[in-house]
Amino acid sequence: MSDIPTTGNATEFVTERIDKFIGRRGEINRELSRNGVRFGIYKNGEYHDRLFPFDPIPRIIPSDEFDELEAGLKQRVTALNAFLRDVYSDKAIVKDGVIPEEYVYTSAGYLPQVNGMTPPAGVFAHIAGEDLVQGQDGRWWVLEDNLRIPSGASYPLFVRDIERRIDPHLFRDVHVRDNREYPQLLRASMDFVSAKGINVVLTPGRYNSAFFEHSYLAEKIGAVLAFPEDLEVQGNKVYFIDYAGRRHRVGAVYRRLSDEYLDPFAFNPDSVIGVPGLLGAYRAGNVAIINAPGNGVADDKAMYYFVPRMIEYYLHEKPILHNAPTYMPMFEKDRATVLDRLGELVIKDVAEAGGYGVVFGSSLDAHGLEEMRERITAEPRRFIAQEVIQFRDLDVVDPDTGEHVPRKADLRAFVVTGKDTSVWYSGLTRYSSVPGQMIVNSSQGGGFKDTWVLAPKDAEALGTIRPGRPMALASDSAAHSSSLITASKAESLYWLGRYTERVFTTLNRFFPFYDRVMDTNVEAFRPFAEALDLPTDFKDFDAFVHSFLYDASDPNSVVSAMKRAFEDAIVLRPMLGSKAISYIEMALIVMGGDTPDRDESDIYRQRDITDIILTFWGSVENSGVAPLLKSFLFIGKYIERLELYTRLGGDDEETRPALDKLMAYCRLVSGNPLPRCYCDGLQWLVDHLPQRGYPALAHDIESILQGFSNVLPEATVNGSMMAMSQNAPEARDGSNDRDGANDRDGAEA
């Protein structure tokens with residue numbers, strides 16, 4: 001605990017409290033796991049969704065030290081915003097020779113398409129992620145400015161809530177500043193620049209590496225989580241399209257996709273994740289884009305060299321924070337230094353990000369050094385070189401031994417600009433998972449810590465947010481955003497209801513049959529298998545049961561249904577809330593997936609899953625989310641229940657309560673259009689229940705259908721519906737035509 005900035009008894013006190021976290025690190029990581037706190041990584045062309053490793057030893061920054069950081073970060077981001085306003089308008093800094101024009105116009109981040117455009121309220125970098133390291137002498141150095149789509153604020157924000165529950169009084173006793181205001185800062189910035197309309201978080205899709213953050217921040221700021229197909233531009237205005245085709249004006253778009261994919265009309269015409277016409281609406285001043293397109297010119301690694309000059313030029317101040325000593329190969333003198341000292345420097349490719357394209361000269365052999373010299377000589381604009389800063393190690397807990405071991409760590413500080421510029425009282429501390437490795441980026445496999453910023457010792461209101469800033473977001477906006485249901489989310493709600501019911505009822509009916517097998521023989525299981533159209537030739541009954549429950553490659557398995565429920569739930573986080581989604585994740589964890597060494601005791605632990613699903617349904621039913629949203633979820637649930645109960649030969653005492661519930665939720669939808677997938681599910685029951693001996697039930701369901709004259713015309717599902725037939729993997733090409741399955745894949749690209 002040598003990095004704790006306290007002395008004497010205070011050190012012992014803080015150490016004791018942190019030891020409490022260390023002792024419960026498994027519990028913290030389980031809580032992160034059940035809430036889906038993930039960071040995706042692409043490796044060898046494949047997406048791997050993994051938990052973001054958390055270390056329980058916090059980085060602690062003394063109050064006075066952070067105050068200096070705060071002043072320096074505000075100064076730096078203010079200058080960068082001034083540079084962006086200038087470089088896309090008068091270009092005075094270029095005309096005055098402070099920055100050579102070739103560095104501006106050859107930057108990959110410079111976008112001629114936005115030249116002459118000033119964003120709403122004149123803010124370009126609404127959110128800046130400033131990457132810093134602390135040298136051995138205690139000085140802070142800025143390594144990079146991230147002004148396009150910096151990620152990572154959600155992770156310390158989320159983990160702090162867990163830490164508070166573990167030790168409710170710690171942050172008051174240790175005098176740690178409250179970090180809960182980040183959503184308020186972000187929301188205030190969006191509201192300040194909004195061109196009148198709702199706020200949306202635009203995500204490229206479920207399999208983006210930071211999708212957890214997209215959905216979590218949308219939930220916390222009361223914004224709509226939008227996929228590109230949910231937005232439409234008409235008359236140079238941006239609209240959010242709900243499931244019924246109704247348009248809702250969008251005032252601010254917090255985009256989480258790169259410039260080149262943002263608008264196929266203006267940038268990459270092959271982009272399928274952009275919003276056609278978005279730049280035109282932005283140019284007309286009818287929507288704010290956060291962060292502004294074209295910001296890449298300011299966080300170009302080569303432009304980093306000039307930031308101290310920007311501060312002096314625009315603010316007439318000396319820089320407070322230090323740049324790492326940097327050399328520009330385009331300058332002849334610097335190029336000579338770089339080529340001469342290549343083995344001592346770190347070389348960065350300005351076209352790369354996320355820790356890629358970073359080469360330490362000391363790691364290269366003679367051939368590698370010569371090859372790098374040739375590349376720098378051929379393309380000097382593409383590279384910068386920096387002195388290697390020997391920054392401090394921080395202790396982390398070795399997950400295998402439990403020992404404290406040193407690891408390199410940086411700090412991503414978040415600076416939010418709206419009416420004012422504010423530095424968040426926290427930050428993302430990332431550490432390397434490899435001893436001695438100096439690249440700590442999340443995309444390179446590192447983990448994260450919480451960052452505790454201490455409050456002044458004489459502060460009266462410890463742990464409070466800044467004076468005058470409200471603690472809670474406007475609840476009416478959050479409620480409004482949760483009620484805006486797109487066609488794809490309506491379908492996700494439908495299938496989430498069906499898949500959770502599928503798992504619940506299947507397990508409830510499975511165990512009585514399984515228990516009878518234990519007392520008699522496998523023949524007692526045959527009626528259950530026949531009812532669900534499962535194989536009945538039990539050559540190896542135990543293997544059959546294992547496959548039925550746990551084989552993720554088998555679309556008929558229970559775990560496959562649970563995984564599809566998760567895929568549908570994860571895109572609904574802003575609507576249902578993280579608490580509700582955590583139960584789906586928990587059920588999936590208990591189910592365990594495709595694990596080969598399951599034994600009989602594991603099977604009986606699956607009974608817990610039904611309790612977890614009941615808790616999920618209860619949390620939604622008793623929440624404040626929109627009644628229409630609840631109805632869509634539970635209509636799917638009771639369609640599935642009726643399908644399964646009649647398939648399994650349920651009597652009137654079972655089917656009638658399910659029908660009553662279905663009718664009650666359908667009445668709540670009355671007056672609103674009914675998505676086609678719901679209509680198709682109800683119609684399938686009408687067509688097939690008479691064949692199963694339930695004509696009266698089919699007649700009642702038909703009367704429900706007749707009550708909906710405003711069914712949406714587009715079809716979302718086709719074919720017949722078999723409860724345990726899940727052919728969704730074959731449908732990843734987007735086709736809805738499947739033989740023998742009224743089913744779908746829960747993933748959204």
Donor-acceptor pair, side chain of [X] and main chain of [Y], under 3.5 angstrom:
X      : Y      : value
Tyr88  : Leu111 : yes
Asn35  : Val37  : no
Lys220 : Tyr182 : no
Arg430 : Leu411 : no
Trp424 : Asn179 : yes
Arg309 : Ile93  : no
Asn81  : Ala125 : yes

Phe448/Tyr431 aromatic ring centres below 6.0 Å: no
Pair Phe331 and Tyr103, ring centroids less than 6.0 Å apart: yes
So how far is it from [X] [atom1] to [Y] [atom2], rounded to the nearest 0.5 Å?
X      : Y      : atom1 : atom2 : result
Phe83  : Lys91  : CZ    : NZ    : 10.0 Å
Ile149 : Asn295 : CD1   : CG    : 11.0 Å
Phe414 : Leu185 : CZ    : CG    : 12.0 Å

Donor-acceptor pair between Asp263 and Tyr282 side chains, under 3.5 angstrom: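 Short answer, no.
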Atom CD of Glu68 with >12 non-hydrogen neighbours under 6.0 angstrom: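 12 or below, so no.
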Could I get the full list of side-chain contact (heavy atoms from CB on, under 4.5 Å) partners for [X], not counting sequence neighbours?
X      : result
His169 : Arg17, Arg172, Asp173
Val233 : Val238, Val275, Ala281
Val201 : His214, Ala218, Ile221, Ala223, Leu225, Tyr254, Arg256

Side chains of Asp299 and Glu144 in contact at under 4.5 Å (non-hydrogen atoms):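 Side-chain contact under 4.5 Å: no.
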Shortest non-hydrogen separation from Ser578 to Tyr216 and the atoms involved: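 In terms of heavy atoms, the two residues are closest at OG-CD1, 3.6 Å.
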